[in-house]
Amino acid sequence: MSDASLVGRNLMQPEPTRLPEEPEVLARIEAGDLPEDIAPRFPKSSLAWSLMAEDAWGEGRTIDAYAYARVGYHRGLDALRGAGWRGAGPVPYEHEPNRGFLRCLYLLGQAAAAIGEGEEVHRIEAFLADADPTAAGQIARG
């Protein structure tokens with residue numbers, strides 16, 4: 001690591017985790033496939049689950065949104081661990097492949113709030129802020 005890359009970096013904090021690209025999932029999205037058709041083909045994709053959660057949330061199906069976001073969250077945790085994440089450290093929103101996981105996390109918090117899961121909301125908000133303090137605002141703005 002060069003001296004320049006150390007400037008402004010907390011050396012006690014782990015390196016940011018960057019999930020791998022999902023070209024097949026992106027190709028299906030660009031082809032116009034529906035999220036409910038993509039998720040069964042790519043069940044490990046947090047992006048696919050986030051799209052299903054967003055659709056359900058937008059349609060007022062809170063419990064469905066909660067369930068889809070929870071699946072995407074857990075699939076994302078698996079992917080993060082596979083990418084070297086050790087339970088803490090940055091998961092930058094600026095890295096496009098991280099967004100499916102972060103969107104699931106955000107939606108899980110929204111749906112948890114809607115069903116009165118206050119403690120879960122606080123844990124999710126803290127996790128999201130630790131992962132990337134800018135993520136919630138960026139996701140909320142669409």
Side-chain angles (χ1 to χ4, degrees), residues 1 4-142:
M1 187 176 292
S5 65
L6 297 176
V7 174
R9 184 176 176 299
N10 177 350
L11 297 179
M12 298 302 289
Q13 186 174 41
E15 287 289 323
T17 302
R18 290 178 172 80
L19 293 173
E21 299 283 335
E22 295 182 291
E24 300 90 358
V25 174
L26 293 175
R28 298 305 347 132
I29 293 168
E30 290 174 14
D33 290 7
L34 297 173
E36 58 266 20
D37 295 327
I38 298 170
R41 291 188 62 201
F42 304 97
K44 293 180 180 181
S45 172
S46 288
L47 177 57
W49 291 102
S50 74
L51 295 171
M52 289 180 46
E54 289 168 353
D55 285 353
W57 183 255
E59 294 168 1
R61 295 182 294 121
T62 304
I63 297 300
D64 291 343
Y66 180 87
Y68 295 144
R70 179 159 293 286
V71 171
Y73 161 74
H74 283 286
R75 293 301 191 147
L77 288 176
D78 293 342
L80 286 168
R81 289 183 190 109
W85 185 76
R86 300 285 179 249
V91 181
Y93 186 81
E94 69 185 21
H95 182 66
E96 186 89 29
N98 289 351
R99 291 181 184 179
F101 168 73
L102 294 169
R103 287 163 51 188
C104 281
L105 189 55
Y106 176 83
L107 282 162
L108 184 57
Q110 298 297 301
I115 63 173
E117 286 286 335
E119 287 183 32
E120 184 174 30
V121 172
H122 296 298
R123 285 191 308 271
I124 290 167
E125 288 173 346
F127 186 178
L128 190 57
D130 287 344
D132 184 333
T134 72
Q138 291 185 71
I139 295 165
R141 287 189 295 277

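The two atoms that bring Trp49 and Pro43 nearest to each other are NE1-O, 2.9 Å, heavy atoms only. Of all heavy-atom pairs between Thr62 and Ala114, the closest is CG2-CB, 3.7 Å. When every heavy atom of Ala111 is checked against every heavy atom of Trp57, the shortest pair comes out as CA-CZ3, 3.6 Å. The two atoms that bring Ala135 and Leu128 nearest to each other are CB-CD1, 4.0 Å, heavy atoms only. Annotation for Tyr73 and Phe101: closest pair O-CE1, 3.6 Å, computed over non-hydrogen atoms. Residues Pro97 and Pro20 come closest through the heavy atom pair CB-O, 3.3 Å.
Legend: salt bridge (charged side-chain N to carboxylate O under 4.0 Å, His left out) pairs involving residues 37-65, not counting sequence neighbours, sorted by first then second residue: Glu54-Arg103, Glu59-Arg61, Arg61-Asp64. Sorted by first and then second residue, the pairs that involve residues 130-142 and meet side chain to side chain donor-acceptor pair (under 3.5 Å), not counting sequence neighbours, are Asp132-Thr134, Thr134-Gln138. Among residues at least two apart or in separate chains, there is no side chain to side chain donor-acceptor pair (under 3.5 Å) pair with a member in residues 106-117.
For the side-chain contact (heavy atoms from CB on, under 4.5 Å) test, residues two or more places apart in sequence or in another chain that qualify with Ile124 are Leu105, Leu108, Glu120. For Arg18, there are no side chain to side chain donor-acceptor pair (under 3.5 Å) partners at least two apart in sequence or on another chain. Residues forming a side-chain contact (heavy atoms from CB on, under 4.5 Å) with Ala27 (at least two apart in sequence, or on another chain): none. Among residues two or more places apart in sequence or in another chain, the side-chain contact (heavy atoms from CB on, under 4.5 Å) test is passed with His122 by Glu125. Not counting sequence neighbours, Glu24 has no partner by the salt bridge (Lys or Arg N to Asp or Glu O under 4.0 Å) test.
Phe127 CZ to Leu102 CG: the interatomic distance, rounded to the nearest 0.5 Å, is 8.5 Å. Note that the CG atom of Leu51 and the CZ atom of Arg28 stand 13.5 Å from one another [nearest 0.5 Å].
Asn98 is not listed as a side-chain neighbour of Thr17, based on a closest heavy-atom distance of 4.5 Å or more. Under the 4.5 Å side-chain criterion, counting only non-hydrogen atoms from C-beta, Phe42 is not in contact with Leu47.
The main-chain N or O of Gly72 is found under 3.5 Å from a side-chain atom of Ser46 such that the two form a donor-acceptor pair.
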Would you mind writing out the side-chain donor-acceptor pairs for residues 80-90 within the sub-3.5 Å range, not counting sequence neighbours?
from  : atom 1 : to    : atom 2 : distance (Å)
Trp85 : NE1    : Ala88 : O      : 3.4

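A cation-pi contact links Arg99 to Tyr93, judged by a cut-off of 6.0 Å to the six-membered ring centre and 45° from its axis.
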